[in-house]
Amino acid sequence: MVISEDLLWDAADRGTRTVPRLRRTAVTAGCASLFVLVLWAYSDARWAACTAAAYVLAEIAYRVWDRRRLVEARIVVGEADGRARLRLRRVGGRITEHDPHQVARVLIIHDNVVDSAKLRLRLRGKRLLFGRPGRAPALTTWRRTCPRAHVQDRNARWGMPGVPD
């Protein structure tokens, strides 16, 4: 078990990207509204209003999902008992600490084109946690700090070089 502070996962992009996403959503909603107003008198423009509403709802759903993604995972010494704890930080800023023995599975998925990887982390009794893309960590650190976890890596199943997606 590692007692010193070790960085296990570090995402390349840690920000929430709120301003560009809100700007894009507002411009799309505004253009669709203008389009609906112009065409409302000449044709049935409900499809444009429904499309704009679906886009806005999809952006909101993506934002809710993205705020839960992990941007950092590190092992720190617990303040109360001095035992090592797994500290997970999410995009939205929420930080949680867990016992490293409660990690059930760690999967690192390597990108086939860009030198990056994605993290899939499952805690016992909890749902699957997703990490934002970042540099691929050493698997030995994960195996050493989370001894009961099934730690593995694999290449992505899509995105092969030279093959368009």
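- Between D10 atom CG and L8 atom CG the span is 10.5 Å, to the nearest 0.5 Å.
- Note: the hydrophobic cluster containing L107 does not contain F130 (ILVMFWY, side chain heavy atoms under 4.5 Å, direct or indirect links).
- The residues R135 and D115 are annotated as salt-bridged, a charged nitrogen and a carboxylate oxygen being separated by less than 4.0 angstrom.
- Formation of a donor-acceptor pair under 3.5 Å by the R94 side chain with backbone atoms of R89 is not found in this model.
- Here L128 contributes atom CG and R122 contributes atom CZ; the two are 5.0 Å apart, rounded to the nearest 0.5 Å.
- Under a cut-off of 6.0 angstrom, the local environment of CZ in R127 is sparse, with at most 12 non-hydrogen atoms contributed by other residues, nucleotides or ligands.
- Between R90 and L129, some side-chain heavy-atom pair lies under the 4.5 Å cut-off.
- To the nearest 0.5 Å, atoms CZ (R87) and CD (E97) are separated by 4.5 Å.
- The side chain to side chain contact (heavy atoms under 4.5 Å, CB included) test with W9 singles out one residue from T141, I108, V106, L121, and that residue is I108.
- Among all heavy-atom pairs drawn from I75 and P100, the shortest one is CD1-CG, 3.9 Å.
- With rounding to the nearest 0.5 angstrom, the CG atom of L139 is 12.0 Å from the CZ atom of R144.
- Under the 4.5 Å side-chain heavy-atom criterion for Ile, Leu, Val, Met, Phe, Trp and Tyr, I109 and W142 are members of distinct hydrophobic clusters.
- Note that NZ of K118 is 14.0 Å distant from CG of L70, once rounded to the nearest 0.5 Å.
- Here the closest heavy-atom approach between residue H101 and residue P147 is recorded as CE1-CG, 3.5 Å.
- Between the CZ atom in R124 and the NE2 atom in H98 there is a gap of 14.0 Å [rounded to 0.5 Å].
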